[in-house]
Every structure is written in structure tokens, then in C-alpha cells.
Amino acid sequence: MKMRKYRLFLFCSVGICVVSLLYCYKTLQKGNFLQQLSGHRSGLKSLAILSGFFWKSPLSTSLTGHNNNFLSDTYKHQRAVEIMRKKAFDGKELSEADLVMPDPTGPHGELHKRVYILQDDVTPYFIHSELDALCFHEGTEKAGQRMILKYHEKNSTVLDGHTNKTSRNAAKCACRQGWHGPNCGVPTVVQHSNLPTKSHLKARKVPRRILNAININHEFDLLHARFHELADTVDLFLVCESNFTAYGNSKPLTFLQLLLNGTFNYIKHKILYIFLDHFPKGGRADGWIADDYLRTFLTKNGMSRVRGLRPDDVFILDDADEIPVREGLLFLKLYDGWTEPFGIHMRKSLYGFYWKQLGTLDVLSGCTVAMLHTVYKRDGILLRRRDYYTMPGMRQYEKASGHVLIPWSIGSPVHYAGWHCSWCFKPEGIYYKLISAQNGDFPRWGDFAEKRKLTYIKELIRTGGWFDGSAPHYPQTNPKEHMFAPKYLLDNFERYRHLLDNPYEKR
Ligand SMILES: *[C@@H]1O[C@H](CO)[C@@H](O)[C@H](O)[C@H]1NC(C)=O
Ligand SMILES: *[C@@H]1O[C@H](CO)[C@@H](O)[C@H](O)[C@H]1NC(C)=O
Ligand SMILES: *[C@@H]1O[C@H](CO)[C@@H](O)[C@H](O)[C@H]1NC(C)=O
Ligand SMILES: *[C@@H]1O[C@H](CO)[C@@H](O)[C@H](O)[C@H]1NC(C)=O
């Protein structure tokens, strides 16, 4: 009896080995992309491939869209690596809490070396109604707790001929104002965008994770506005601070201080702190080198410390004064079928939200992690340039993804999908920005003593003028207008009055 068991066991083991070897061979043949994603962790790789084979995630089968072998294999592989890592970390020495965010009183030195383990967002964004329509909770009209449904004109007798009950497919969610699509999950900023694949959108079963990367100097009002706007939508903020100004001088790590003294406790579990401790060669002579390098370092250092990334997660690189509206990013998180890279049309204003400028700023600022790795070689600055079309990895990536990659932008020139608030500080903050500006954005106004005077700066704020002496005519604005400013600032009007209401204008 025992012998028989052993024999059976042996037989099974040999079988498994053979199948595994075949699978390994097949997977290795898939080539470049896989290797890139797993990169230097090749030691883990073969193991991960094996575990990927035996372990079939319910998530991997439920993923919609991008449903070609290439991505789903990579995805399975990534999930396997993620599980392996989790297992490795589940040991006693390293608890997951340690890895996610430091104890504020802990050693400062290691904060910039921590890794962050991405988790799945299990928020039930969509709800199945009684009639099996899938409705986006926030975008659907409700009566009490029940979703309101609309019915198609045609009734079921016409539709299927079997039953007189209203057909399941005939039920539709009734969308609240500002939401569109069969599931009411498409916000107006996407509905009115130039997205070419609007008719192919599909609600995901498992949300993507959203990573938002920024460099921070002293834009703390806007940073609070960003964190509050995106707290429930972004899964991880990669925040990079340097002890050098863009000009190359030394500067204090103010963000780190605030992070450690509890100012950002409401969001610190979603922050990965990145520390740039050197100034790039040639950055003093050519300020644009320093400026670009900030983004390159932020992306490379930051992304190398994120664990559990999946190819279809989303990466967005913003400047500290560019704040995307929540609904736009939520859409990216919950839907498949959009193309990349994508930009965001932002409302433009100067010194505060009250000096509104014409048009929008549309910066190409986001793509999937797969595209960031394959096309942009993990360098965020390349994403923000519009050169993707000639990038060497582009054709390969496009072919592998099975989609034509057409850039688009969330929002439109008349539907703001975010805010770009330039020089939005109190006068002291503007002074500080002047003296830390890189050596490249000529003329460098910080070099002129008279332009650094607070009285001069206050006069600029009052009139909406610029350092070159021009004073454009800006339209009247009203804090009550749609998309005037991020909600958090408006909700705390008194604290942020200096950004919402011209402080020096005599009424
Ligand atoms: C089906 O719908 C049509 C038109 O809306 C209506 O005239 C008809 O009475 C309906 N039939 C049933 C069985 O409800
Ligand atoms: C369905 O509707 C038709 C017409 O209204 C009726 O004659 C039939 O009895 C109904 N069938 C059922 C199963 O209710
Ligand atoms: C920045 O930090 C690094 C590492 O601590 C240090 O070596 C360097 O001298 C600092 N630079 C300035 C300008 O403070
Ligand atoms: C943290 O430090 C800042 C600047 O020194 C200060 O304004 C703030 O009140 C401090 N916050 C806490 C929670 O101690």
C-alpha cells in the first residue's frame, strides 16, 4: 500500500517536472518584454514561472481587455512574483507594515530605501443590481440603497420570446449628472475627450493601481490639495525631494520634516519617499539637465522600489503644480479599452486660481507600467516629451499589445480635467521659487534684485502681471464656477484664501 503511494507520488513528480520544463521553454521564448519586467531578479524568475504555472489566479482570468497572450502571460508572471515576495516577506523579521511606511520616529536614513508593496484595491466600485446590470456606485442614481434602472424600449417578449419578464440585458443603470456609459462609470471629462475608443470601453473586474509621481520643492498647499483630491483613487504617490535646488544650491528637506512630524499622517501609508542626494553633472551650466534629471531619477529610483507592479497599472508623472481631477484617474483605474499615452487638459491659472488664463495646458503625462518599461525605459521625462512615436521600443510594444497606440487627453479645451496653478504661493513662496529656479529658463528673474522684492511680487499678484512687465487681461472668475479649484481648497476656504481670492486687490 505504502509502496503504491510512493510510486504514484514519484510518477506525478516526474510528470510535473516535464510539464514545467516545457512551460519554462515556452515562456523563455516569449523574449524581451518578460525579461525586462523581471530584470535583475532572474534568480526568482524560474521559480516564479513554475509557481505561476501551478497557481492560477482568479484575478488573472477575470482581467478584461488587453486580453492577448502577451500581456496576460506577463501578468500571470508578475502575480506569481508578487505572491513569492509576499511569502518571503511574511517571515517574522520583516512585517508588511514595516515595508509600507516607516514609523515617523524611526531612523530617517532608511526612509528613502524602503520598498512599497502594492495591494489590490478591493473597494466595490461597481454594484450588481437585482436585474444584474453592473452599475458604478458613485455614478448611478439611487433611491434609498437601490440602484435606479432604466429599461430599453423593447420588452422581453420581443427580445427573447421565452419569457415575459424584462430581460436582464434590457436593464441599464440610470446615470447621475456627470456620468455616462452603460455602467455610469465614464465621467464627463472622458465622454467629451478625444478618446478614439470610447465605444470599446469595458468596466474591469479588478481595478488597476494608479501611481502618481511628483517632485516636490515647497508647493505644500498644492500638495495637500493633490493628496486630498486623489487620496481614494491613487494607490501610491512617489514623492521625490532633493537637498539641492534646481539651481544647484543646498536646501533643507522640508517635505521630509513634515512627513516625519505628522503633517501628512492622513496619507503617509500611500507615500513612497524618494531622496535625490546629488546634483547632475552639467546641471549648473544647463538648467534643463537638472530639470530633466529630477524626473529621470524620480521614475527610476521610485519604480525600482515598488513591488507587485502589473503591466496594466497606470503611471502618471506630474509637476507639483499640476493636479489631475479625481474622476479622470478613477476612470483609468476602473476601465479597459483606452489607449496610451494620455495627457490631461488642465485649467491654467497664475499666482492663485483667481487669475485664470485662456485655454488649457495639455501635458502628456501618463501611460501603463508596461509602456513605461518597454517604450520609455522607465524614464519619466521621455513620457512627458512627445517623442514616443520614434522611440525604439514603440513598434514592438504596439505590436505586442495588439492595439494601435493613439495618444489622447482626458478633458478637452472646454472640459477641464485638472488644474495647473503656476507660481501659486504666498509672496515668500514666490521669492523662494525665484531664487531656486534652474539656470535655463531665461531670463532668470531671480537674478534681478528688484524682481525679488516682496513689494514687487505683491504688485504682480495684485495685477496678474508678469516679471517682464506685461499685464495680460484675464477674465473675471468666481470661486463658485465649475472646476475653479480643487475641492479640498474650496472646502477650507479660509485657510487657502490666498489662492482662491486675490489678496491684494482692493474691493
Ligand atoms: C411590449 O412593448 C410594446 C411597445 O413598448 C407594447 O406595446 C407591448 O404591449 C409590450 N408587450 C408586453 C407583453 O408587455
Ligand atoms: C406572455 O405574454 C403573452 C401576451 O401578453 C401571454 O399571452 C402569455 O400567456 C404570457 N406568458 C407567460 C408565461 O406569462
Ligand atoms: C545632500 O545629501 C547628501 C547625502 O546625505 C550629501 O552627501 C550632500 O553633501 C548633500 N548636499 C547638500 C548640498 O546638502
Ligand atoms: C510640523 O512642522 C511644521 C513646520 O515646522 C508645523 O507648521 C506643523 O505644525 C508641524 N505639525 C505637527 C503635526 O507637529
Side-chain angles (χ1 to χ4, degrees), residues 97 100-115 213-228 231 237-302 304-305 320-321 352 424-440 444 446-447 454 486 488-489 491-500 503:
V100 168
M101 203 45 210
D103 170 7
T105 60
H108 301 193
E110 294 306 296
L111 198 60
H112 60 292
K113 291 185 183 159
R114 309 253 173 165
V115 301
I214 50 163
N215 282 288
I216 184 82
N217 290 299
H218 59 298
E219 303 86 350
F220 297 116
D221 291 339
L222 295 182
L223 191 63
H224 280 296
R226 169 190 307 276
F227 286 158
H228 281 94
F237 293 99
L238 307 162
V239 185
C240 179
E241 182 173 43
S242 176
N243 59 349
F244 288 89
T245 67
Y247 194 53
N249 293 333
S250 160
K251 82 176 186 55
L253 297 173
T254 315
F255 175 63
L256 179 62
Q257 283 162 17
L258 295 175
L259 196 57
L260 294 173
N261 91 347
T263 300
F264 292 101
N265 274 1
Y266 64 95
I267 195 74
K268 70 172 186 179
H269 59 289
K270 288 193 171 186
I271 295 175
L272 183 70
Y273 183 76
I274 296 154
F275 174 40
L276 174 56
D277 66 354
H278 54 278
F279 194 67
K281 255 199 200 125
R284 192 66 181 254
D286 182 353
W288 293 117
I289 292 182
D291 201 56
D292 285 3
Y293 187 72
L294 282 167
R295 275 79 165 258
T296 303
F297 184 84
L298 160 63
T299 319
K300 293 206 170 174
N301 180 283
S304 74
R305 291 163 52 205
D321 60 4
C424 291
F425 300 99
K426 289 180 176 167
E428 298 74 20
I430 293 182
Y431 168 84
Y432 192 69
K433 184 174 163 90
L434 278 175
I435 59 168
S436 23
Q438 78 263 28
N439 190 23
R444 190 174 177 276
D447 292 337
L454 288 187
Y488 175 72
L489 302 183
D491 287 349
N492 295 276
F493 203 97
E494 278 317 309
R495 197 183 321 156
Y496 296 105
R497 181 177 277 281
H498 57 285
L499 296 179
L500 303 170

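All ligand and atom numbering here is 1-based and tracks the order in the structure.
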**Item:** Element-labelled atoms of ligand 3 that are located less than 4.0 Å from some non-hydrogen atom of Phe275
**Value:** 2 (O)
**Request:** Taking atom 5 (O) of ligand 4 as the reference point, report whether a protein heavy atom occurs under 4.0 Å from it.
**Result:** no
**Prompt:** Can you check whether Phe425 and His218 have ring centres sitting under 6.0 Å from each other?
**Reply:** yes
**Message:** With rounding to the nearest 0.5 angstrom, report the OG to CD1 distance, Ser242 to Ile216.
**Reply:** 12.5 Å
**Request:** Report the part of Phe279 in contact with ligand 3, treating N, CA, C, O as backbone and CB onward as side chain, heavy atoms under 4.0 Å; options are side chain, backbone, both, neither.
**Result:** neither
**Request:** Using the ring of Tyr247 (Phe, Tyr or Trp, six-membered ring only), decide whether Arg284 places NZ or CZ under 6.0 Å from its centre and within 45 degrees of its axis.
**Result:** yes
**Prompt:** Which residue owns the protein heavy atom closest to atom 7 (O) of ligand 3, what's the atom, and how far is it?
**Reply:** Asp277 O, 4.8 Å
**Message:** Tell me the protein heavy atom at minimum distance from atom 9 (O) of ligand 3, and give that distance in Å.
**Reply:** Asn243 ND2, 4.9 Å
**Item:** Any non-hydrogen protein atom less than 4.0 Å away from atom 11 (N) of ligand 4
**Value:** yes
**Prompt:** Is the shortest distance from atom 14 (O) of ligand 3 to a protein heavy atom below 4.0 Å?
**Reply:** yes
**Prompt:** Is the backbone of Leu259 close enough, under 3.5 Å, to the side chain of Thr263 for a donor and an acceptor to pair up by distance?
**Reply:** no
**Complete:** Atoms of ligand 4 under 4.0 Å from any heavy atom of Asn261, numbered from 1 in the order shown, are 1 (C), 2 (O), 3 (C), 8 (C), 10 (C), 11 (N), 12 (C), 13 (C), 14 (O)
**Request:** Measure the spacing between OG1 of Thr296 and CG of Asn301 and express it to the nearest 0.5 Å.
**Result:** 12.0 Å
**Asked** With no hydrogens and no angle check, is any side-chain donor or acceptor of Arg305 less than 3.5 Å from a backbone partner on His112?
**Response** yes
